[in-house]
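As structure tokens, the structure follows; a few thoughts come after it.
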Amino acid sequence: MKRKRSLFCIVIVFLMFGCGAEIIWAGNDPLIPVNVDEEEQEVFEDSKESMLSGLDLDQLEESVNQLLEGQEFSFRDTLEILMGGEDALSVSGILGMAVKWIQNSILAQKKLLVQLLVLVLFGGILNSFAGAFAGEQLSETSFFIVYLLLFALLLKNFQSSGDNLRTTLEGLTGFMRVLTPSYYLAVATSSGVSAAAMFYQMALLVIWAVEKLLTAVLLPAIQIYILMALVNHLSKEEFLSHMTELLESGIEWTMKSALGLLLGLQIIKSLIAPVLDQLRRTTIGKTASAIPGVGSAINAVTEMVIASAVLIRNCFGVTAMIVMLLAGIAPVFHFLVAGLSLRILAAISQPISDRRIALCLATVGKGYGLLLKLLLTVEVLFLLTIAILAGTFS
């Protein structure tokens with residue numbers, strides 16, 4: 001056993017610099033190599049515990065608690081559940097959480113929707129009476145009163161939603177920043193230095209893009225777009241329509257371009273890094289196996305270490321993806337319910353009120369759609385950064 005433990009330490013050092021050997025998997029179980037006796041299984045468990053102890057899970061737990069404030073979730077417990085081959089989330093649990101979030105989103109929008117509906121009905125009645133008895137001037141005055149009240153209500157709630165989205169995006173980038181060093185160690189042990197370096201570089205690039213481009217530029221641009229569109233609808237003759245269309249197109253084009261460019265870079269890099277690591281592992285693995293007396297023992301321990309490292313890496317990545325999904329699902333339902341309800345209210349108000357009031361409601365509904373697209377872009381960038389790595393180097 002002492003000999004096995006010393007060989008395990010040597011193999012760990014080799015793996016951190018891209019060394020190792022090919023793994024031959026057993027039948028339907030992708031986690032445990034072939035010919036695993038009790039001693040090798042003990043090495044497998046020891047290597048798994050040793051690698052877990054080297055990861056900074058305490059700092060991750062603190063980051064998760066800040067990100068999922070109000071939700072009971074343990075990164076360490078979920079990781080252990082996944083490593084045990086169990087499901088971290090059940091289908092019934094997911095459906096229950098989805099129903100709860102939808103109900104909370106509807107309740108949060110209920111008061112606003114009632115106020116907006118009352119204003120729309122009041123504006124329609126006032127506009128009808130003003131047009132019948134007093135002419136155009138009083139009709140325009142009544143419209144401005146109703147429109148400015150709608151303007152204040154919608155802009156206040158949209159600004160609050162934007163601030164909440166900013167907090168969510170900052171929490172996601174903070175979690176990703178804490179996750180990257182620990183996941184780098186897991187990737188370096190299981191896949192090699194080239195794969196780990198590729199992940200680290202791309203993770204830093206994605207974090208920078210989310211912070212400096214999506215959060216600092218596009219989120220304020222969406223708020224400016226809504227403000228300009230609401231001002232544009234004040235007048236019967238739209239004098240800012242082309243400006244708002246240009247701004248909307250620029251926001252959507254930037255999100256699509258950032259998503260395509262960053263994912264494309266990751267895919268291209270993932271085509272090169274595995275070849276470099278595999279070449280190093282094959283060369284040094286064959287050299288080690290040729291050593292008389294200890295070659296076969298080194299290969300056996302190497303298989304155990306790589307198997308445990310791959311298990312930790314993939315379970316670690318899946319746990320991180322679950323955290324990101326839980327952090328983003330509540331805002332997703334909020335933006336979806338808010339945007340859809342305003343679109344429905346705009347459709348209801350069009351026959352009974354001024355056309356500009358319906359346009360005002362529809363525009364803010366479209367603004368919630370842009371917030372939803374921004375959040376989903378960030379989620380997809382972070383999730384696929386981990387998924388591409390786990391899928392390519394498995």
query: How would you list all residue pairs meeting side-chain hydrogen bond (donor to acceptor under 3.5 Å, both in side chains) that involve residues 97-117, not counting sequence neighbours?
result: none
message: Has Ser341 got a side-chain atom pairing as donor or acceptor with Ala338's backbone, closer than 3.5 angstrom?
response: yes
field: Gap separating the CG atom of Leu372 from the CD atom of Glu379, nearest 0.5 angstrom
entry: 10.5 Å
N/O donor-acceptor pairs under 3.5 Å from side chains in residues 204-220, not counting sequence neighbours:
unit_1 : atom_1 : unit_2 : atom_2 : d
Glu211 : OE1    : Arg177 : NH2    : 3.3
Glu211 : OE2    : Arg177 : NH2    : 2.3
Thr215 : OG1    : Val210 : O      : 2.8

field: Cluster link Leu340 to Ile226, ILVMFWY, side chain under 4.5 Å
entry: no
query: With Met228, which residues qualify under side chain to side chain contact (heavy atoms under 4.5 Å, CB included), at least two apart?
result: Ile224, Met243, Thr244, Leu247
task: Might you point out which heavy atoms bring Val120 and Ser349 nearest each other, and give the distance in Å?
output: CG1-CB, 3.3 Å
task: State which residues pass salt bridge (Lys or Arg N to Asp or Glu O under 4.0 Å) with Arg343; sequence neighbours excluded, sorted by chain then number.
output: none
message: How close do Leu172 and Leu67 get, counting heavy atoms only, and between which atoms?
response: N-CD1, 3.7 Å
Pairs satisfying side-chain hydrogen bond (donor to acceptor under 3.5 Å, both in side chains), at least one member in residues 144-162, at least two apart: Gln159-Asp163, Ser161-His334, Ser161-Tyr368
Heavy-atom closest pair, residues Ser235 and Arg356: O-CD, 3.7 Å
message: Going by the rule salt bridge (Lys or Arg N to Asp or Glu O under 4.0 Å), which residues pair with Glu170 if we only count those two or more places apart in sequence or in a different chain?
response: none
statement: Contacts of Leu359 meeting side chain to side chain contact (heavy atoms under 4.5 Å, CB included) (sequence neighbours excluded), chain-then-number -> His233, Glu238, Arg355
message: Using 0.5 Å steps for rounding, measure from the CG atom of Leu113 to the CD1 atom of Ile106.
response: 9.5 Å
- prompt: Distance from Phe335 atom CZ to Phe158 atom CZ, nearest 0.5 Å?
  reply: 8.0 Å
statement: CG (Leu240) and CD (Glu245) are apart, to the nearest 0.5 Å, by 11.0 Å
task: Under the side chain to side chain contact (heavy atoms under 4.5 Å, CB included) rule, what do Ser257 and Trp253 come out as? Steps first, then yes or no, please.
output: CA-CA 6 Å; Ser257 299; Trp253 181 85; 3.3 Å; yes
- prompt: Should Ile348 and Leu149 be regarded as members of a common hydrophobic cluster, given that ILVMFWY residues are connected when their side-chain heavy atoms come within less than 4.5 Å of each other, either directly or indirectly?
  reply: no
- prompt: Got a sec: does the CZ of Phe122 have more than 12 other heavy atoms crowding it under 6.0 Å?
  reply: no
Glu252: partners by side chain to side chain contact (heavy atoms under 4.5 Å, CB included), with sequence neighbours left out: Glu248, Leu370, Lys373
- prompt: Is there a side chain to side chain contact (heavy atoms under 4.5 Å, CB included) between Ile386 and Phe316 once you walk through the steps?
  reply: CA-CA 10 Å; Ile386 298 174; Phe316 200 90; over 6 Å; no
query: Looking at side-chain heavy atoms only, is the closest gap between Thr78 and Val323 below 4.5 Å?
result: no
- line: Between the CG atom in Leu361 and the CD1 atom in Ile344, the distance rounded to the nearest 0.5 Å is 12.0 Å
- request: Please round to the nearest 0.5 Å and tell me the distance separating atom CG of Leu342 and atom CG of Leu116.
  value: 6.5 Å
- prompt: Which heavy atom of Gly328 sits nearest a heavy atom of Leu375, and at what distance?
  reply: O-CD2, 3.7 Å
- prompt: How would you list, by chain and number, every residue that makes a salt bridge (Lys or Arg N to Asp or Glu O under 4.0 Å) with Arg166, sequence neighbours excluded?
  reply: none
query: Would Phe239 end up clustered with Tyr225 when hydrophobic side chains under 4.5 Å apart are linked, directly or stepwise?
result: yes
Candidate pair Leu259 and Leu384, rule side chain to side chain contact (heavy atoms under 4.5 Å, CB included), full reasoning: CA-CA 10 Å; Leu259 183 62; Leu384 289 186; 5.6 Å; no
- prompt: Which atom names give the shortest non-hydrogen contact between Gln266 and Leu381, and what distance separates them?
  reply: NE2-O, 4.5 Å
message: The criterion is side chain to side chain contact (heavy atoms under 4.5 Å, CB included); which residues satisfy it with Ser74, sequence neighbours excluded?
response: Glu61, Arg76, Asp77
query: Shared ILVMFWY cluster between Leu68 and Met324, side chains joined below 4.5 angstrom?
result: yes
- line: What one should report as the nearest heavy-atom pair of Gly367 and Ile222 is O-CG2, 4.2 Å
statement: Sorted by chain and number, sequence neighbours left out, side-chain hydrogen bond (donor to acceptor under 3.5 Å, both in side chains) with Asn232 holds for none
task: Would you kindly confirm whether Leu112 and Val118 end up in one hydrophobic cluster when ILVMFWY residues are joined by side chain heavy atoms under 4.5 Å apart?
output: no
message: Phe382: which residues meet the ring-ring contact (aromatic ring centres under 6.0 Å, His included) condition with it, sequence neighbours left out?
response: none
